[in-house]
Amino acid sequence: DEKDDFSVIQFGTEEISKDAHWGRGKREITLIHYVLKGGGYYNGKKITEGQGFFTPCGFAHEYRSSKTDPWVYFWVTMGGKDADRICLENLHADENGIFEYDFCDMLTLFSKKFFQASENQSAIMGKAKAKGIFYLLMSYHEKNPNIAGNRYVTEAKKYVDANYHRAISVSEIADALFISDRYLYNL
């Protein structure tokens, strides 16, 4: 919607050393990270290639790169009262702010084409173009709106198949998938 109150502040791709770490703290911006390669941790939850995390404005968080397989990620920062809402509507993140995406190769090309290294990309390309490119990025999430849920259902079925010979609970399955039992019930 052209009346949305948000702006793209910055974006880019970054290779992070095995010692990279941010937080625990709060930022007065909305933040999205897409892990392109490697892995790390967001608020203690493991994140790998094909996953990302969403941090709402003012939310206490921390993230760090894996020491054995440091991540490369694409990031976007936004401001404005509608930034969190727009991200929540499009990212389909779980209760931890973690989401799945299946367009890693496209995102790498996308970032090279539109996001040349610069200190303040949105000022250089213009606010309208930066906002338009952000909406284009969000549109890629529409193609598979429930990819995260489908992955967890598939993994839950595998867990049940591997453990059918003994009594198991929904809580045990959820713990094995690193999600809450409430979230698993809703899938």
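Position 1 is the first residue of the sequence, and the numbers go up from there.
Considering all non-hydrogen atoms of both residues, Asn96 and Asp94 come closest at N-OD1, 2.8 Å. Among all heavy-atom pairs drawn from Ile9 and Met78, the shortest one is CD1-C, 3.5 Å. Annotation for Glu62 and His21: closest pair OE1-NE2, 3.0 Å, computed over non-hydrogen atoms. Across all their heavy atoms, Ile32 and Cys87 have their closest contact at CD1-SG, 3.5 Å.
Side chains of Val35 and Thr48 form no contact here, defined as non-hydrogen atoms less than 4.5 Å apart. When side chains are defined from C-beta on, Phe59 does not count as touching Leu31, because their heavy atoms never get closer than 4.5 Å.
The salt bridge (charged side-chain N to carboxylate O under 4.0 Å, His left out) analysis of residues 27-37, with sequence neighbours excluded, yields no pairs.
Every residue two or more places apart in sequence or in another chain that forms a ring-ring contact (aromatic ring centres under 6.0 Å, His included) with His61 is listed here: Trp22. Residues satisfying the side chain to side chain contact (heavy atoms under 4.5 Å, CB included) criterion with Ser66, sequence neighbours excluded, are Thr68, Asp69. For Ser65, there are no side chain to side chain donor-acceptor pair (under 3.5 Å) partners two or more places apart in sequence or in a different chain. Residues that satisfy the side chain to side chain contact (heavy atoms under 4.5 Å, CB included) test with Asp84, not counting sequence neighbours, are Thr30, Phe54, Pro56, Cys57. Take Lys158 and apply the salt bridge (Lys or Arg N to Asp or Glu O under 4.0 Å) test, not counting sequence neighbours, and it matches Glu155. With sequence neighbours excluded, the residues that form a side chain to side chain contact (heavy atoms under 4.5 Å, CB included) with Phe103 are Tyr34, Tyr101, Met106, Leu107, Leu137, Tyr140, His141. Residues meeting the side chain to side chain donor-acceptor pair (under 3.5 Å) test with Arg166, sequence neighbours left out: Tyr159, Asn163, Glu172. Checked against salt bridge (Lys or Arg N to Asp or Glu O under 4.0 Å), Glu89 has the following partners two or more places apart in sequence or in another chain: Arg85. Here Lys67 pairs with Asp19 under the salt bridge (Lys or Arg N to Asp or Glu O under 4.0 Å) rule; sequence neighbours left out. Partners of Ser7 by side chain to side chain donor-acceptor pair (under 3.5 Å), not counting sequence neighbours: none found. In this structure, the side chain to side chain donor-acceptor pair (under 3.5 Å) partners of Asn43, at least two apart in sequence or on a different chain, are Arg24.
How far CG of Leu91 is from CD1 of Ile98: 12.5 Å, rounded to the nearest 0.5 Å. Of the inter-residue distances, the one linking Leu88 atom CG with Asp82 atom CG reads 11.5 Å to the nearest 0.5 angstrom. Tyr42 OH to Lys45 NZ: the interatomic distance, rounded to the nearest 0.5 Å, is 12.0 Å.
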### Query
So Phe6 and Val8, side chain to side chain contact (heavy atoms under 4.5 Å, CB included) or not? Walk me through it.
CA-CA 7 Å; Phe6 92 98; Val8 175; 4.1 Å; yes
### Message
Evaluate Ile47 against Trp71 for side chain to side chain contact (heavy atoms under 4.5 Å, CB included), listing each step before the verdict.
### Response
CA-CA 9 Å; Ile47 307 289; Trp71 57 22; 4.1 Å; yes
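Centroid-to-centroid, the aromatic rings of His33 and Phe53 come within less than 6.0 Å. In summary, the aromatic rings of Phe11 and Phe134 are positioned with their centroids too far apart to meet the 6.0 Å limit.
Neither Tyr73 nor Tyr41 shares a network with the other; the hydrophobic side chains, linked directly or stepwise wherever heavy atoms of I, L, V, M, F, W or Y lie under 4.5 Å apart, form separate groups for each.
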